[in-house]
Every structure is written in structure tokens, then in C-alpha cells.
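Worksheet: the structure to be examined is printed underneath.
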Amino acid sequence: MAKNLVIVESPAKAKTIEGFLGKDFLVKSSYGHVRDLSKNKLGVDVEKNFAPNYEIPPDKKKVVTELKKLSKDAETVWLATDEDREGEAISWHLAESLKLDDDKYKRIVFHEITAKAIKNAISNPRKIDNNLVNAQQARRILDRLVGFELSPLLWKKVKPALSAGRVQSVAVKLIVEREREIQNFKPESSYRVIAYFEVKKNNEKHSFKADLPKRFKTKKEALDFLESCKGAEYSVENTETKPSKKTPSAPFTTSTLQQEASRKLGFSVARTMMVAQKLYESGKITYMRTDSVNLADSAIESAKKIISNQFGEKYAKTRKYSTKSKGAQEAHEAIRPTYLENDAVAGSSDEQKLYQLIWKRTIASQMSEALFDKTNITIGISTSEYKFIATGEVLVFDGFLKVYIESSEDEDATSESSDSIILPPLKVSQKLDLKEINAIERFTKHLPRFTEASLVKKLEELGIGRPSTYAPTISTIQKREYVLKESREGHEREYGFICFKENKIFETKKTENTGVEKNKLFPTDIGVVVTKFLVEYFDDILDYNFTAELEKKFDDIAQGLYEWNKLINDFYGAFHDKVEETTKKSEKFSGTRLLGEDPKSGRNVYARIGRYGPMVQIGDTDEEEKPKFAGIRKNQSLESSTLEEALELFKLPRKIGLYEDKELIASVGRFGPYIKYDGSFYSIPKDEDPLNISKDRAVEIIEAKKEADRKKIIKTFEKEDPDSKILRGRWGPYFSYKGKNYRIPKDAEPEKMTYSECVKLTKQATSPKKTRKKKKGTTKK
DNA sequence: CAGTGAGCGAGCTTCCGCTTGACTT
């Protein structure tokens, strides 16, 4: 038996460390937290000074039992969880649930997974820091109280199964507020003036462009300016060249990795994390949930060698980065390749792409800055006070740009960041030939909508959420249907274009496409109404500084300056009163809007949130005749719906004719618009309207679906059992038998399988399937 | 799975942060 049991949080980490420590050490993993507040109850005794009731969740029973057994056999248990609030708490929960006496365990910490760091940690053990643990308990309990009191309030006042919390509700609010700003935004236009000049050098013509720094508010001003240019001469008044430089960005943290993978590879934040997890588990990168930009000394050294060998010594520059983000706890390293000498790895294409991104970013972070010469040339106009400015940028030394160019935040920025803009050599008082001047109408732009990754960036800036929760938070707010990730096509917009050439002015109108959105986050009606509700009654929790202020208090607790239950008590009194008070108010918070009067019945028409989502309603509930309801369409919104649109919705379900003597009915259901025909349902594509879909189109949809279903069938067994079939599903071929489905093994040829072979499959599969089904059933009950 | 929406009342939903598999028709 091993004398020493070391417990870390992640199994991949355990495997690595075991290699460093030799045979007297057995290294195991706790798989994160081993205890938590009860899943379905509040789990906090509000009456007894907020005493928490911790439980070992069912999926953690096995690992706790195993660790308990191993710890009994060991002389010393080394609690080696992360050195942050959560890590300290994990150690404490381990000590509690494994019943470790004070002299049985030692607490150690390290920030990088290197042999040196671990041996150093082993020789510097300490005890569990109870203050830090208490800070975690305060965090955990406050989050539970907020989440488990606000969510039920939403169920009562807005709609069942909604949720609210310190992190997710602020994330939604950011999107709701940004959308409101965008809707209220009125673009203003002005005229931007660009001149194109030409100079001759060695009989070669060089052309270049120059901007007028002044923007003209109106077309008339622009025209006046161009008019003044008639007969003008242009000459160089001043030239100025200054060196400039660009420095590389810090190595990746979770948040910056998510942002760059989104911009450069088009990954969602969840996809980035899944791929990174794979790379981590196979030992190719360091831990992927981190807020630290720090690199291990050994990695810095190895980077220096690789850069010197590959690019030359002048490309290497050792850099240490320090974090700028609020509330960073820096329990790990930055995300980097474990072995920097591997500039590529085997694996899926996603893994290769993400690995290369990480490799380049890490290497670049240890490289020299790129050097530029920036030239500004002022060009005078003989007939005007205005000046043109031409700017050039010449790359003198590429430095880190050799391996890595960071993507720009601004999606519309031109991608010339690494290319030089070269100006011809020009002398002061040199005369220039004008080719033409363009005055182009440009519009101001609203702030961009959030992408998943830019929302993560914003949350990190506000100190809200942690590396392990960014991706889950983003999917929660989409799962609750508070926000929608959507792409939208733009629309055409006309803009003025004035050209000045050979002393003549030509005016035209041109069009451009504007408002294109790709994978952006849009708030839904539910998101808007819930945010309105929470901001109205719980503005303190929805405040962007709420978490930051709390973090200061948690720090005080961690330093032993304040008691954790006192902090909770300070918060809970007023909070709970507000919840009670709001509960008592009888009216629902459903974002109701009176749209007008139904011309047929004279009854009121409303739009509001109902039990199943946004809907329109004719008539009031206290009237004798029951109100009529209809769900609103995906592309409509509560805030902008009109009486006309609402009345349209009541025209469904709509009979659209007969097909082979059976009725075709178009309507909208839970899963969107559909056609009902012969007892079956056929979905109408999103961009088509069930209100005016033609009979021919309906038949087309039905036949297409029937055809697809036919293709789904690989084989039937008319003789043996007409209800059993081999079908093609999302996960490959399967056998459908007596209402259940059985997977067909990959190496089998489904076309050639006989009925008895298929039935054999069902026999093999029954035992594990049954036990799982049972489990599910009992947990539900 | 293709309805629903009031109100009754049963029983259910829900938070944030740590961590992975087992499993999908």
C-alpha cells in the first residue's frame, strides 16, 4: 500500500503528477467538488445563522467511497487541490467527508504542473485555511439564496421553469440593454473625402490616397468644398516619419482563448472548451480553465530556445505578463502547449486548429515587438484652407507577427494589419497630380451586438463568472430562451457619392448592404420581460457592480476580517423582505400591451407572456365569453407587434384545400408552423408563412417529407414482423422493434441483416437498457 | 410531439463553481 495519498481535482492532472512523485505516492482525483448543498431543497437553514446542509451528490458517492478507503490505508493524505477559494473548499469538504484528522492530512498547493513545483509544494505543507473556506461558503450560500428565491418568484409572476441568478441575470441584462441601445440608435451621416494622387518616379506612376480629416455634415458642405477645389494645385507641405511598434498579447486564458477561437475559427464557446478538454486530457496542453497569463519558467526557457532556433535570436524576447482582470485567482498557468517543441499535434481537425492557435499565441508572447515606420504627409490645396493627410506604414521588423496576428475586435476593420501601406518618396513643396476626389456619405454605427465570446469578455471585465462557468452560463441563457443566437441578412441602404474629376463634379447614389449579423445574441421577449421585472424589484442584484462589491467582502472574510454568516445576514434581510413583498402583489408580470380593439367583436386585443411563451389574446378573462389565444410567431416580438399582426394570427388554423380527398390544414404549433394532413404533421420551413402558403407548396412539402422518410428505411421484414424495421437515424443505423430502438454495431452491414440477427441484438441490449430506464424512472418520481 | 393560455391544486422547475464520462434514435 502506498504510504501517501495525494488528491487533486482532475484525473488528467493526477496522471501527470504521479509520474513526478515515485512509488510511495498514489495520486487520485476528486473530480471537482465532492459535496454540495442539497440539489432540490434550499439546503440553507435561514433560522440557524444560515447553517448549510451539505450532501454528497449521487454521482460522487463512488469516488468518495474509494478515496475514503484509500485514505484509511495511507499514512498521510496530501490535499493538493487548487490554491483558490473553490480549491480550498474542496480540500475542506474532502477532509470532512473522508473524516481526516488534523494530523492525518497535509495541505499543499502548486500553480504549475512541473516536477520542481510539486516537490517544492511537498516540502512546504500547511493546514486548511478556514477563512478561505468560509469565503467560499459565503459565495456558495449567497448564490443559492439568490437563485432559489428569485427563480420561484419568476415562476409565479412570469412563467414556470424560468431561472435567475447573480451571473446569468446580469448576462441577459447586458444583451437586453445593448439591444435597446441599438433600437434607439439613429444613424447620422456625414461625407468623408478621399483624394487619389499620382506622382511620377523614373517614368513609373505611383498612386496613393489621402484623407481629409474634416468630415462634412451635409451634402451641400461637401459640394462647396469640391467646388472650391476647381483649378486648385496640390503640393506636399510637410512629411513626418515616426517609428512605432506593436507588442504581442499575453498567452491565452479561458476567456481570451474563447474570443480568438470564435473570431479566427468560428467556434462557439462550448465547442472551444470541448476541444480544449480533449487536448488537455491527452496531455497536449495545460489546464484550460484558467484566468492566469503566467507561464512556467521552464516553458519560457523552452520558448526562447525554439524561437532562437527557428527564427533567430533577435526574434526572442522573454516577457512576463500580469493579469488585468478583476477577481482573477490565478490558481493555474496560462493555457499553453505542454511541449512547446510540438508545433502541431495529431487529432481531429478541430483539435489541430485549436492547438496551433495556442502554440502560436504562446510562442508569440515570448517574441520581440514588430517595428514600423509611420509616415504622415500633409498635402495643401492652393484654393482652400483644408489639408489632405496621407498615412503610410512600413514594416521594418516583423517580430512576433511572423507567427501570430491577433484578430481585431472591430469586425469591419480592414484586414491590412500586417501589410505595409507604402507611400512613394515625397519631398516638401513637391507638386502632386490629382486623379480624383471622392466624397462618400458614411453613416455612424451602433454598438455591435454581443457574440458568445464578446459577452464572455464583458463578463470577465465586470468580474462576473469564472473560467469554468463562462461556457455553461452562455448555454443556460440560451436554454432558458432569454437570448437567441441568430444570423440576420442585412438590407440595402442608399448613400451619396460625389466624384470630382478633371474639374467636374458628378453626383450619384450608390447602395451598400448594412445590418448583417452573424451568430449574434438577440434578447427574446421572455428575456426582455424577465430583465424588466428583475431590474424593477432587484436592481441591486442586477447592478453591474454587485459581484465586484461582493468580491471585496469575500476577500475580507478570506483574511479573517469579517464573519461569513454576518455577511449573508447583512444581505438576506432586505432581500428576503423584497421577495416576500413582491410575491404578495397579486398581479402577474407579463409585459402586457393593449394593442387595440377587435373590429369584429369590439373586445380588447393584448400581447403578453403566457404559460407557454409570448402570445396574443382577444378579450379579457372576466368577460362572459372566454378569451381566445394564439401564440406569436418566431420573427415577431411583443414590443413591436401590432393589432393587424395579432388579428392575422387568429386566422390559423387555416384550411388550404384538399389533396387526394383529404384536407390540408396549415397552423402553428409548439415546434413552429406545420401542415396537418392525413393524421400526420409536416413542418413548414421557418422562412415561409402558413398564412399564405399555397396548396401546391403544401403538397410539395408533404411529398418531400414522405420521400425523406422512405430513404430512412433500410430494410423491412414484411413476413416476420411488419412493424419492425431497420432505420437510418442520427447516430447511424438502428433496429426499431416493439416501440424500442436498438443500435446496430458499426461493423455490421444493415442491408444484409436477417430478422433473427436483429432480434438477437435486442436480447443482448436488454439488460443494460432496462437498468438505465429504471433509474431514470425512479429519479423522476 | 403538433394543444396549451383563467383558476383550482397536485408536483415539478431553479443558483454558481469545481470536475468528467455515459449516453443518445
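Note that these values count all heavy atoms, side chains included, but never hydrogens, waters or copies made by symmetry. Each chain gets a letter, A, B and so on, in the order the sequences are listed, and its residues count up from 1.
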Check whether any side-chain heavy atom of A:Tyr280 sits under 4.5 Å from a side-chain heavy atom of A:Lys13, and report yes or no.
-> yes
Touch class at under 4.0 angstrom, heavy-atom based, for A:Gly165 against every strand present = sugar-phosphate
Measure the distance between the ring centre of A:Phe148 and the centre of the six-membered base ring of B:dC15, then answer whether it is under 5.5 Å with planes under 30°.
-> no
Just how far, in rounded Å, is P of B:dG7 from CD of A:Glu623?
-> 14 Å
Donor-acceptor pair under 3.5 Å, A:Arg140 side chain vs B:dC15 base | yes
Please check if any side-chain donor atom of A:His111 sits under 3.5 Å from a side-chain acceptor atom of A:Glu83, or the reverse.
-> yes
At under 4.0 Å, does any side-chain N or O of A:Arg289 touch on OP1 or OP2 of B:dT19?
-> yes
Round to a whole Å and report the spacing from CD1 of A:Ile526 to C1' of B:dT13.
-> 14 Å
Give A:Arg466 one of three labels, base, sugar-phosphate or nothing, depending on what nucleic acid heavy atoms sit under 4.0 Å from its own.
-> sugar-phosphate
May I ask you to evaluate whether A:Arg139 reaches the phosphate of B:dC16, defined as a side-chain N or O under 4.0 Å from OP1 or OP2?
-> no
If you pin A:Val167 and A:Ile609 to their nearest nucleotides in DNA chain B, which one's is more 5'?
-> A:Ile609
Counting only side-chain N and O atoms of A:Arg480, is one of them less than 4.0 Å from OP1 or OP2 of B:dT14?
-> yes
For B:dT13, does OP1 or OP2 lie under 4.0 Å from any side-chain N or O of A:Ser151?
-> no
For B:dG3, take OP1 and OP2 only and decide whether either is under 4.0 Å from a side-chain N or O of A:Tyr674.
-> yes
With heavy atoms under 4.0 Å as the rule, sort A:Leu162 into base, sugar-phosphate or nothing.
-> sugar-phosphate
B:dT20 phosphate, OP1 or OP2, under 4.0 Å from A:Gln277 side-chain N/O = yes
For atom CZ of A:Arg85 and atom C1' of B:dC16, their distance in whole Å = 11 Å
Establish, with yes or no, whether the OP1 or OP2 oxygen of B:dG5 is under 4.0 angstrom from a side-chain nitrogen or oxygen of A:Gln617.
-> no
Closer than 4.0 Å, any side-chain N/O of A:Ser10 to the OP1 or OP2 of B:dT20?
-> yes
So what does A:Ala164 touch, heavy atoms closer than 4.0 Å: a base, only the sugar-phosphate, or nothing?
-> sugar-phosphate
Per the atom types in the model, does the base of B:dT19 pair as donor or acceptor with the side chain of A:Tyr31 at under 3.5 Å?
-> no
Quick one: label A:Gln168 by what it contacts on the DNA or RNA (base, sugar-phosphate, nothing), any heavy atom closer than 4.0 Å.
-> sugar-phosphate
Provide, to the nearest angstrom, the distance between the CG atom belonging to A:Leu79 and the P atom belonging to B:dC18.
-> 18 Å
What is the nucleic acid contact for A:Ser163, judged by heavy atoms within less than 4.0 Å: base, sugar-phosphate only, or nothing?
-> sugar-phosphate
Where each residue is assigned the nucleotide of DNA chain B containing its nearest heavy atom, which of A:Asp36 and A:Asp82 is assigned the position nearer the 5′ end?
-> A:Asp36
Mind calculating the distance between NZ (A:Lys156) and C1' (B:dG7) to the nearest angstrom?
-> 17 Å
State, without any angle test, whether A:Ser163 and A:Arg480 hold a side-chain donor-acceptor pair at a distance under 3.5 Å.
-> yes
Reckon A:Pro627 touches a base, only the sugar-phosphate, or nothing at all at heavy-atom distances under 4.0 Å?
-> nothing
Under 3.5 Å, is there a donor-acceptor pair linking the side chains of A:Thr476 and A:Gln168?
-> no
Do A:Phe575 and A:Leu150 come close enough that some side-chain heavy atom pair is under 4.5 Å?
-> yes
State, without any angle test, whether A:Ser292 and A:Thr290 hold a side-chain donor-acceptor pair at a distance under 3.5 Å.
-> no
Report yes if at least one side-chain N or O of A:Thr469 is closer than 4.0 Å to OP1 or OP2 of B:dG17; otherwise report no.
-> yes
Between B:dG5, B:dT13, B:dT19, which one does the side chain of A:Tyr287 approach most closely?
-> B:dT19
A:Gln478 side chain to A:Glu452 side chain, donor-acceptor N/O pair below 3.5 angstrom = yes
Using a 4.0 Å heavy-atom cut-off across all strands, classify A:Gly465 as base, sugar-phosphate, or nothing.
-> sugar-phosphate
Length of the CZ-P vector between A:Arg35 and B:dC18, whole Å | 18 Å
